[in-house]
**Q** 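Below: one structure in structure tokens.
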Amino acid sequence: MTLAYISRVYQELESRLPHETEYLQAVKEFLDAVEPVIEAHPEYEKEAVLERLIEPERIISFRVPWVDGNGNVQVNRGYRVQFNSLNGPYKGGLRFHPSVNQSILKFLGFEQIFKNILTGLPIGGGKGGSDFNPKGKSDAEVMRFCQSFMTELSRHIGADVDVPAGDIGVGAREIGYLYGQYKRLQVPTAGVLTGKPIPAGGSNGRTEATGYGLVYFLNEMLSEAGESLKGKKVIISGSGNVAYYAARKVESFGGVVVSLSDSNHAVYDENGIDLDIVKQLKVDGRERISRYAEFNAEATIIEGSVWNTDIQADIALPCATQNEINQAQAERLATNGVKFVAEGANMPSDSKAIAVYRQHGIHYGPGKAANAGGVAVSALEMSQNSMRLRWDAERVDEELQQIMKNIFAQCLNARDAYDLGSDYGKAADIASFEQVVTLLLLHGVV
Ligand code: GLU
């Protein structure tokens, strides 16, 4: 961060919000990447381009009271960060996880602006959620929580205003409950939420989209390097929707998924994980991955993070959560043969880990670009809802493939223009920044 304008903006942010560590991290990484663009455009300082982009348009924060299964009143905190609407209605998921706070939602909302514009579809950036922990809760508890959450959120969203969807802890079950409550409170419009259960107006292929899209993006990275997935060993972290469907797609292209994980354990099998078992445990049931060994004695169950192991692999797909890979773990990946990292989660590699990828020439596909398939199909769900029709799974998948190809092409252009090697991280930031700034400037001072 050598440019005076950039360091001033960052230092002001840091001194104002020293406790928002995740948000500061996301902004810093981004500012570092776009430095050459700012350098080429001294007029951006007078226009306060950066100051305007790092300030959310609006943050809504509210109380979520609900009654648990024992009849006790519980209170959680709910949020919606309406970050930027230059490119369309605020769009982004809701996360239900005990770690959720304003800093995490601001980092996610900020990244969403740039991810969303890369999809080529008219969606702005937002994110929301709650520190509610759905783990171990009954369906009835989750429903009551969702109803209370939506009772407040419903006044702030709308098909042309702000369209939430899922993220960690929020899947079709939660979206179903949220949508049910929304309809009781407001004029029902299907396009107000995406990731809906299919019979309730959801899109074919939305559940699979983030994982499939990640592998389509990875395929582009591989083919640019003259390689393919065939026979490659792939470590995947996580075992939720993103990880599971990424694993299925990797298999379909002839790759071998040697591990999957959850927050406590990793399962390892050098011959490839049996994804039917994972589906039964993690997708259909809400079980721990450590139970995998009960169904397949060949596999090894490892306690702790998969990134602390010495599994040999060619490709790593972090699909769990932010900052799951640090510097030492990235070094370990390089030592164990990993040549490609593509992120299914948002910001799973911390800044020092990304620096390690750069040093070792590891091809790096950042979440902002590589996991954009989910929100892209959400935008297609909005389109289908507006047209009151439904595309079949093949049609949605074709669109998704095209969108991921197009995102990669934008990264390639920026990479070539700024000579960035195999670092698609900086390339994605630059490609999206240029588009967002163009929009910002043509709207006047907003
Ligand atoms: N939560 C997902 C993301 O990080 C999807 C958001 C959406 O579909 O709106 O992009």
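These numbers come from the heavy atoms of this one structure, side chains and all, not from hydrogens, waters or symmetry mates. Please read these numbers as outputs of a predicted model, since none were measured by experiment.
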**Q** Consider only side-chain N and O atoms of W307 and E324, and report whether a donor and an acceptor are under 3.5 Å apart.
**A**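 Indeed, the side chains of W307 and E324 share at least one donor-acceptor pair under 3.5 Å.
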**Q** So, Q82 and H156: side-chain donor and acceptor under 3.5 Å apart, yes or no?
**A**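 Note: Q82 and H156 side chains miss the donor-acceptor criterion.
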**Q** Hey, are E294 and R291 close enough for a salt bridge, meaning a charged N less than 4.0 Å from a carboxylate O?
**A**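 Yes, E294 and R291 are salt-bridged.
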**Q** I'd like to know whether CG of D416 has more than 12 heavy-atom contacts from other residues, nucleotides or ligands below 6.0 angstrom.
**A**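 Enclosed.
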**Q** Within the 4.5 Å heavy-atom criterion, are K106 and E20 side-chain neighbours or not?
**A**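 Yes, at least one pair of side-chain atoms sits under 4.5 Å.
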**Q** Can we say E381 and R206 salt-bridge, meaning some charged N sits less than 4.0 Å from an Asp/Glu carboxylate O?
**A**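 Between R206 and E381 there is no salt bridge, as every charged N stays at least 4.0 Å from the carboxylate O atoms.
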**Q** Please give me the minimum heavy-atom distance between D429 and A33, naming the atom from each residue.
**A**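 Reported closest heavy-atom pair: OD2-CB, 3.4 Å.
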**Q** Between S148 (side chain only) and R144 (backbone N and O only), is there a donor and an acceptor less than 3.5 Å apart?
**A**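 Such a contact is absent between S148 side chain and R144 backbone.
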**Q** Mind listing the closest non-hydrogen atom pair of A266 and V306 along with its distance?
**A**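 The answer is CB-CB, 3.7 Å.
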**Q** Let's go through F295 and Q280 carefully: what are the C-alpha distance in whole Å and the side-chain angles of both, what is the deciding distance for side chain to side chain contact (heavy atoms under 4.5 Å, CB included) to 0.1 Å, and is it a yes or a no?
**A** CA-CA 10 Å; F295 301 89; Q280 202 182 317; 3.8 Å; yes
**Q** To the nearest 0.5 Å, what is the distance between NZ on K183 and CG on L193?
**A**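 K183 NZ to L193 CG: 10.5 Å, rounded to 0.5 Å.
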**Q** Determine, step by step, whether K196 and N385 satisfy the side-chain hydrogen bond (donor to acceptor under 3.5 Å, both in side chains) criterion, reporting the C-alpha distance in whole Å, the side-chain angles of both residues, the deciding distance to 0.1 Å, and the verdict.
**A** CA-CA 11 Å; K196 294 180 291 296; N385 291 156; 2.8 Å; yes
**Q** Between Y23 (side chain) and I54 (backbone), is there a donor-acceptor pair under 3.5 Å?
**A**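 Pair found, side chain donor or acceptor close to backbone of I54.
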**Q** So, using salt bridge (charged side-chain N to carboxylate O under 4.0 Å, His left out) as the criterion, who are the partners of D284 when residues are at least two apart?
**A**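 By the salt bridge (charged side-chain N to carboxylate O under 4.0 Å, His left out) rule, D284 matches K279.
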**Q** Are L317 and V257 side-chain neighbours, meaning at least one heavy-atom pair lies under 4.5 Å?
**A**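 No, their side chains stay 4.5 Å or more apart.
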**Q** The test is side chain to side chain contact (heavy atoms under 4.5 Å, CB included); show your working for L94 and L178 and say whether it passes.
**A** CA-CA 11 Å; L94 297 171; L178 291 163; 3.8 Å; yes
**Q** Answer yes when K426 and E35 have at least one side-chain N-carboxylate O distance shorter than 4.0 Å, and no when they do not.
**A**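 No salt bridge links K426 with E35.
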**Q** Identify the heavy atoms of I311 and N336 that sit nearest to each other, and give their distance.
**A**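 Residues I311 and N336, closest heavy atoms: O-CB, 3.4 Å.
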**Q** Do N219 and L229 touch side chain to side chain, with heavy atoms closer than 4.5 Å?
**A**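 In contact.
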**Q** Does any non-hydrogen side-chain atom of I104 lie less than 4.5 Å from one of R95?
**A**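 Yes; the side chains approach each other to less than 4.5 Å.
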**Q** Given 3.5 Å as the limit, does a donor-acceptor pair link the side chain of S383 with the main chain of A379, or not?
**A**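 It does hold such a pair.
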**Q** How far does CD1 of I407 sit from CG of L412, to the nearest 0.5 angstrom?
**A**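 Nearest 0.5 Å value for the CD1-CG distance: 12.5 Å.
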**Q** Are R358 and D423 within salt-bridge range, i.e. N to O under 4.0 Å?
**A**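 Judged by the 4.0 Å cut-off on N to carboxylate O distance, R358 and D423 do form a salt bridge.
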**Q** Short question: side chain of K91, backbone of V163 - any donor-acceptor pair under 3.5 Å?
**A**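 Yes; at least one donor-acceptor contact below 3.5 Å.
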**Q** Verify, without hydrogens or angle tests, whether D314 (side chain) and K232 (backbone) share a donor-acceptor contact under 3.5 angstrom.
**A**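 No; judged by distance alone, with no hydrogens or angles, the pair does not exist.
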**Q** Do T194 and M382 have side-chain heavy atoms sitting under 4.5 Å apart?
**A**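 T194 vs M382: side chains touch.
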**Q** Between R248 and E208 (salt bridge meaning N to carboxylate O under 4.0 Å), is one present in this structure?
**A**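 A salt bridge is absent here (no side-chain N lies under 4.0 Å from a carboxylate O).
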**Q** Using a 3.5 Å distance criterion without hydrogens, assess whether the side chain of N371 forms a donor-acceptor pair with backbone atoms of A345.
**A**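 Yes, because the side chain of N371 sits within donor-acceptor range (under 3.5 Å) of the backbone of A345.
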**Q** Nearest 0.5 Å, please: how far is OG in S85 from OH in Y90?
**A**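 Nearest 0.5 Å value for the OH-OG distance: 4.0 Å.
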**Q** I want to know whether Y216 and F408 have ring centres closer than 6.0 Å.
**A**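 Ring centroids of Y216 and F408 are no less than 6.0 Å from each other.
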**Q** Heavy atoms only: give me the nearest V215-A246 pair and the separation to one decimal.
**A**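 In terms of heavy atoms, the two residues are closest at CG2-O, 3.5 Å.
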**Q** Give me the atom names and distance for the closest heavy-atom approach of S154 to L185.
**A**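 Scanning both residues, the minimum pair turns out to be OG-CD1, 3.6 Å.
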**Q** Is any side-chain heavy atom of K339 closer than 4.5 Å to a side-chain heavy atom of I315?
**A**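 K339 does not reach I315 side chain to side chain.
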**Q** Does T189 reach the main-chain N or O of G191 with its side chain, forming a donor-acceptor pair under 3.5 Å?
**A**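 Here the side-chain-to-backbone pair does not exist.
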**Q** Say whether, by atom type as modelled, one donor and one acceptor occur between the side chain of D269 and the main chain of N296 under 3.5 angstrom.
**A**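 Judged by distance alone, no pair lies under 3.5 Å.
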**Q** Please evaluate residues N406 and Q410 with respect to the criterion side-chain hydrogen bond (donor to acceptor under 3.5 Å, both in side chains), reporting the C-alpha separation (whole Å), side-chain torsions for both, the decisive distance (0.1 Å), and the verdict.
**A** CA-CA 6 Å; N406 183 261; Q410 294 174 63; 3.0 Å; yes
**Q** Does R58 have any salt bridge (charged side-chain N to carboxylate O under 4.0 Å, His left out) partners at least two apart in sequence or in another chain, and if so, which?
**A**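 R58 satisfies salt bridge (charged side-chain N to carboxylate O under 4.0 Å, His left out) with no residue once adjacent residues are dropped.
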**Q** Side chains of E174 and V142, heavy atoms from C-beta outward: is any pair under 4.5 Å?
**A**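 SC-SC contact between E174 and V142 confirmed.
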**Q** Walk me through whether L214 and C319 qualify under side chain to side chain contact (heavy atoms under 4.5 Å, CB included).
**A** CA-CA 10 Å; L214 173 65; C319 295; 3.7 Å; yes
**Q** Does a donor on one side chain sit under 3.5 Å from an acceptor on the other, for T151 and Q181?
**A**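 Distance-only check passes for T151 and Q181.
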**Q** Between atom CG of L260 and atom CD1 of I235, what is the distance when rounded to the nearest 0.5 Å?
**A**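 Atom-to-atom, L260:CG and I235:CD1 are 11.0 Å apart.
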**Q** Could you go through K368 and M347, starting from their C-alpha distance and side-chain angles, then the distance that decides it, and tell me whether this counts as side chain to side chain contact (heavy atoms under 4.5 Å, CB included)?
**A** CA-CA 8 Å; K368 243 181 231 116; M347 206 168 75; over 6 Å; no
**Q** Do S228 and L222 have side chains that get closer than 4.5 Å, going by heavy atoms?
**A**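 With C-beta onward as the side chain, the pair stays apart.
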**Q** Would you say the rings of F62 and F149 are close, in the sense that their centroids are separated by under 6.0 Å?
**A**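 They qualify: ring centres under 6.0 Å apart.
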**Q** Look up atom CD in Q327 and atom OH in Y357, then write down how far apart they are to the nearest 0.5 Å.
**A**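 These two atoms lie 11.5 Å from each other.
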**Q** Are the side chain of R173 and the backbone N or O of M143 linked by a donor-acceptor pair below 3.5 Å?
**A**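 Side chain of R173 to backbone of M143: no pair is present.
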**Q** Can you tell me how far the CZ atom of F110 sits from the CG atom of N84, to the nearest 0.5 Å?
**A**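 Result: 9.5 Å between the selected atoms.
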**Q** So N323 and D350, side-chain hydrogen bond (donor to acceptor under 3.5 Å, both in side chains) or not? Walk me through it.
**A** CA-CA 5 Å; N323 291 331; D350 76 14; over 6 Å; no
**Q** Just to verify, what does N76 make a side chain to side chain contact (heavy atoms under 4.5 Å, CB included) with, not counting sequence neighbours?
**A**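 Side chain to side chain contact (heavy atoms under 4.5 Å, CB included) list for N76, sorted by chain: V64, W66, S130, D131, F132, F145.
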**Q** Apply the side chain to side chain donor-acceptor pair (under 3.5 Å) test between N346 and each candidate in E22, Q322, K115, Q112; give the one that qualifies.
**A**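 By the side chain to side chain donor-acceptor pair (under 3.5 Å) criterion, N346 pairs with just one of E22, Q322, K115, Q112: K115.
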**Q** Please answer whether the main-chain N or O of W391 pairs with a side-chain N or O of N204 as donor and acceptor at a distance below 3.5 Å.
**A**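 Here the side-chain-to-backbone pair exists.
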**Q** Would you call E287 and K282 a salt bridge, using N to O less than 4.0 angstrom?
**A**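 No.
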**Q** Take S349 and E343 through the side-chain hydrogen bond (donor to acceptor under 3.5 Å, both in side chains) test and state the conclusion after the steps.
**A** CA-CA 8 Å; S349 312; E343 298 178 334; 2.6 Å; yes
**Q** For R80 and G128, which heavy atoms make the closest approach, and how far apart are they?
**A**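 Scanning both residues completely, I find the closest heavy atoms to be NH1-N, 3.3 Å.
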